[in-house]
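Values in this document were obtained by computation on a predicted structure and should not be read as measured data.
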Amino acid sequence: MSLTSPQSVASTSPLGPILIQFDDNRLLPMLFGEHDKNLVQIENSLSVQLINRGNQLAIEGPRDAAEVARLALERLYARLKDGDALEPGDVTAAVRMASAPVDLFGQHQPVLRTKRKQISARTPTQARYMEAIINDELVFGIGPAGTGKTYLAVCAAVSMLTSGQIDRIILSRPAVEAGERLGFLPGDMKEKVDPYLRPIYDALYDTLPADLVNRKLESGEIEVAPLAFMRGRTLKNAFILLDEAQNTTTVQMKMFLTRLGENSRMAITGDVSQVDLPRGVRSGLVDAMQTLEGVKGVSVVHFGAGDVVRHPLVARIVKAYEAQNRAVADGASDS
C-alpha cells in the first residue's frame, strides 16, 4: 500500500525534508510507539531525524536514508490500516526490507494470511522464500536457526489450508536421530514425536486458534508423522513439511521426495552445518540439493546470519560461528 493517495501525500522535494501526511490520526500512537520508541528506533538505525507535526511527519537527513525511513513508515502504517498490530521486531524488519533493492522482490511483497494474523517477510531472503513456496512445488529452505524458514513454511501451509488450496497439512521431522529409534520413549507415537516438533506446533498455534488446531489434529487435516511413517504413501492435495532435514539419509530423503502427489506442495528445511548423522553417512539434504539443481519446479533458498529475526545476539552468534567455519575451511585448504 502506498501513502501517495489524495488522503496521504508524501512530499520528496530535494530541497527540504520528506513529508508524510497520514489520513487516520487514531493509528499514529501505534505507529509511533510508546514514548515514540518506534520513531527513535528508525532515527537511530538510519541516522535521520523524524519530526512529528500533528498528522504529518517530517524526515530530515541524508536523502537515501530518508527515503528508506519513508518507505519503512509507509509499510508499517499500511499494516496498521489493514488491522494488524505491530509486533516487536516489526520496525527493524521494515527498515531492513525498505533498505533492500526494489528489484529483489518487486513492488508487491508476498503476504501470508491466516486466521490469527497476516505474515509479511522480514528480510529480502524471507520474501524470496515466501514467493518460492507460493509458486513452486518443492522448496528447500537452508540456513541457521532463527531465520524463519520453518515458521514461514508452516504459515504458508496454514494459509493454503484455510483458503482451500489444499485439504491437509503433513508435518514431519527426523526424531531423536536419523534412525528414529522412538520405542524407548513413553506414550503413543504422537506423544513420542511431539517434543521434537515443538517449533512446528508453536507456529501452528501462532497462526490458528488453539481449539481449531486441536480439532484439525484430531480430524487428520493436520497430521504429525515421523519420517519413517511416510514410506509407501502418496500425498495428494497436501502441504508437506520436512523439518531438520539435514539429519535424513540419502535413502530417507529420496523416499520422502517421492511421496509428492497431485496438487501438493513440499517444503524441506534444514541447516547443513548442524548434521547429526554418524560420521561417514552423507546427509540426504545435501545430496538432494545437488541432485535436483536445475530441476523445474524446485527452488533452493539460502538464509544467512543477516536473516536471523530473533534476538540480535542470535545473529551475532551465528555470524561468529560462520566466521569460525570459514577460518577452519581456509586452514584445511592451505594444509
Engineer: Grab the two heavy atoms, one from D307 and one from T123, that are nearest each other, plus how far apart they are.
Structural biologist: OD1-OG1, 2.9 Å
Engineer: Any salt bridge between E137 and R265, counting N to O under 4.0 Å?
Structural biologist: no
Engineer: V281, V275: one ILVMFWY side-chain cluster at the under-4.5 Å cut-off?
Structural biologist: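 Per the 4.5 Å side-chain linkage, V281 and V275 are co-clustered.
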Engineer: Would you say R231 has more than 12 foreign heavy atoms packed within less than 6.0 Å of its CZ?
Structural biologist: no
Engineer: Just by modelled atom types, is the K254 backbone N or O under 3.5 Å from a matching donor or acceptor in the T258 side chain?
Structural biologist: yes
Engineer: Would you call R215 and E221 a salt bridge, using N to O less than 4.0 angstrom?
Structural biologist: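 Salt bridge between R215 and E221, a charged N being under 4.0 Å from a carboxylate O: no.
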Engineer: Any salt bridge between E223 and K216, counting N to O under 4.0 Å?
Structural biologist: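 Salt bridge between E223 and K216, a charged N being under 4.0 Å from a carboxylate O: no.
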Engineer: Taking all heavy atoms of V48 and all of G61, pick out the closest pair and write down the distance.
Structural biologist: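 Heavy atoms only, the tightest pair is CG1-CA, 4.5 Å.
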Engineer: Check this for me, if you would: do K117 and D84 make a salt bridge, where the nitrogen-to-carboxylate-oxygen distance has to be below 4.0 angstrom?
Structural biologist: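 D84 and K117: not salt-bridged.
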Engineer: Charged N to carboxylate O below 4.0 Å: is that the case for R128 and E131?
Structural biologist: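 The answer is no: the pair does not qualify as a salt bridge.
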Engineer: Do V286 and V251 belong to the same hydrophobic cluster, where Ile, Leu, Val, Met, Phe, Trp and Tyr are linked whenever their side-chain heavy atoms lie under 4.5 Å apart, directly or via other members?
Structural biologist: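 V286 and V251: separate clusters.
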Engineer: So which atom in G270 and which in Q246 form the shortest heavy-atom distance, rounded to 0.1 Å?
Structural biologist: CA-OE1, 3.2 Å
Engineer: Can you tell if the side chain of V300 reaches within under 4.5 Å of the side chain of V139, non-hydrogen atoms only?
Structural biologist: no
Engineer: Using the rule that Ile, Leu, Val, Met, Phe, Trp and Tyr join whenever any side-chain heavy atoms are under 4.5 Å apart, tell me whether L171 and Y205 fall into a single cluster.
Structural biologist: yes
Engineer: Any side-chain donor-acceptor pair under 3.5 Å between D136 and S299?
Structural biologist: yes
Engineer: Check this for me, if you would: do D90 and R79 make a salt bridge, where the nitrogen-to-carboxylate-oxygen distance has to be below 4.0 angstrom?
Structural biologist: yes
